[in-house]
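These numbers come from a predicted model, not from an experiment. All heavy atoms count here, side chains included; hydrogens, waters and symmetry mates do not. Protein chains get the first letters and strands the later ones, always in sequence-line order, with residue 1 at the start of each.
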2 protein chains.
Amino acid sequence: MKRNTWQREAVREALDDTEGFISAQALHSSLHATGSPIGLATVYRALGDLASSGEADSLQSPDGEALYRACSTTGHHHHLICRNCGLTVEIAADEVEAWAKGIAAEHGFTQAAHVVDVFGLCANCTALADAR
Amino acid sequence: MKRNTWQREAVREALDDTEGFISAQALHSSLHATGSPIGLATVYRALGDLASSGEADSLQSPDGEALYRACSTTGHHHHLICRNCGLTVEIAADEVEAWAKGIAAEHGFTQAAHVVDVFGLCANCTALADAR
DNA sequence: ACGCTTATTGATAATGATTGTCAAAACCAT
DNA sequence: ATGGTTTTGACAATCATTATCAATAAGCGT
């Protein structure tokens, strides 16, 4: 097991290898599962750094957890996220872009940014849930 | 079934008296400041009830707190929020509803919920910002 | 390579928001 | 008032996140 001094790199890689959004806790567990001795505090530190340097996106799940994801595209886009397994589909949302901009302007707002994320259960998790 | 809950009324009124979004904790403090002996647990319960019955909206602040707001319309709707002064405009978003549902279905997702909020600077704050 | 200085790490404690517990108080129909 | 049900609120428990801090590793000039 290689002991990489810069554990931040390990976190970045783990994020890259992750399909969708993942919580800091889950990422930590995941790293441990692959044999990394990384500490929870370091995972949080690394995620915070990555997020503030724009190398990762972060969002708040509906139940208050912070979720992170390495987003390949630097451009603006939105997400369709499985609230069970974290699977994430990136979606272009021109329609919504236009709508948001229009609504903002209509009410005299400028510098409009928007949070548009859709949470649901992916096909797989829906099946699992039904089986329960 | 109408429950006889005077606390819920107190919470509802306190919410009504509040301009923008407020945290459960802050609302509790605010109630205490006006002499109400209401307990923190009850505030959370009342807010939860109001939120699930559609009488209040909730969203997650960037730092993970849950914020609440009394909404005038009971139906599903979204918000246009001034990131400077907190002014909030409620917006109907049928277009977005349909889009979200469509996108979800298209990718096999079920039980779709969505977070759609637009942040910007209201006309007033834009003027102030320009003046600087 | 060696010693010295500084930055990074990670176990654990601390924090802060939220939720659970449960006995006491309030309410209601008799 | 009385018994049974519901609501309340002090406090404990929980969960994610952040701060602490001693141990360790990386840098660096020699």
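Mapping A:Val43 and B:Leu40 onto DNA chain C by nearest heavy atom places A:Val43 closer to the 5' end of the strand.
The distance from atom OH of B:Tyr68 to atom C1' of C:dA17 is 10 Å, rounded to the nearest whole Å. As rounded to whole Å, 13 Å separates atom C1' of D:dC15 from atom CD of B:Gln60. Rounded to an integer number of Å, the gap from A:Leu47 CG to C:dT9 C1' is 15 Å. Following rounding to the nearest Å, A:Arg45 (CZ) and D:dT18 (P) show an atom-to-atom distance of 11 Å. Rounded to whole angstrom, the span from the NE2 atom of A:His28 across to the P atom of D:dT18 amounts to 15 Å. Atom pair A:Leu59:CG and D:dT17:C1' shows a separation of 16 Å (rounding to whole Å applied). Across the protein-nucleic acid pair, A:Ile38 atom CD1 and D:dA25 atom C1' stand 15 Å apart, rounded to whole Å. D:dT14 atom P lies 18 Å from atom CG of A:Asp63, rounded to whole Å.
At C:dT9, none of the side-chain N or O atoms of A:Thr42 fall inside 4.0 Å of OP1 or OP2 (strictly under the cut-off).
With ring centers used as reference points, A:Phe119 lies 6.0 Å or more from B:His114. Aromatic ring centres of A:Tyr44 and A:His28 lie farther apart than the 6.0 Å criterion allows.
Of the listed nucleotides (C:dT12, D:dG9, D:dT17), D:dT17 has the atom at the smallest distance from the side chain of A:Tyr44. Side-chain atoms of B:Ala24 lie closest to C:dT18 of the nucleotides C:dT18, C:dA11, C:dG20. Residue B:Gln25 has its side chain nearest to C:dT18 when only C:dT18, D:dT17, D:dG9 are considered.
Here the shortest heavy-atom pairing between B:Val43 and B:Val11 reads CA-CG2, 4.4 Å. Pairing each heavy atom of A:Phe21 with each of A:Leu59, the nearest pair is CZ-CD2, 3.4 Å.
Side-chain heavy atoms closer than 4.5 Å link hydrophobic residues (I, L, V, M, F, W, Y) into clusters, and following such links, possibly through other members, connects A:Val116 to A:Ile103. Both B:Val118 and A:Phe109 belong to a single network of hydrophobic side chains, linked directly or stepwise wherever heavy atoms of I, L, V, M, F, W or Y lie under 4.5 Å apart.
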Practice task
Kindly indicate, with the supporting measurements, whether the criterion side-chain contact (heavy atoms from CB on, under 4.5 Å) is fulfilled by B:Leu15 and B:Ile22.
Solution key: CA-CA 8 Å; B:Leu15 253 197; B:Ile22 187 173; 3.8 Å; yes
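A:Glu65 comes within contact range of the sugar-phosphate backbone alone, with a heavy-atom separation under 4.0 Å but no base atom that close.
An end-to-end axis angle of 30° holds for the helix from C:dA1-D:dT30 to C:dT30-D:dA1, taken from five base pairs per end and rounded to 10°.
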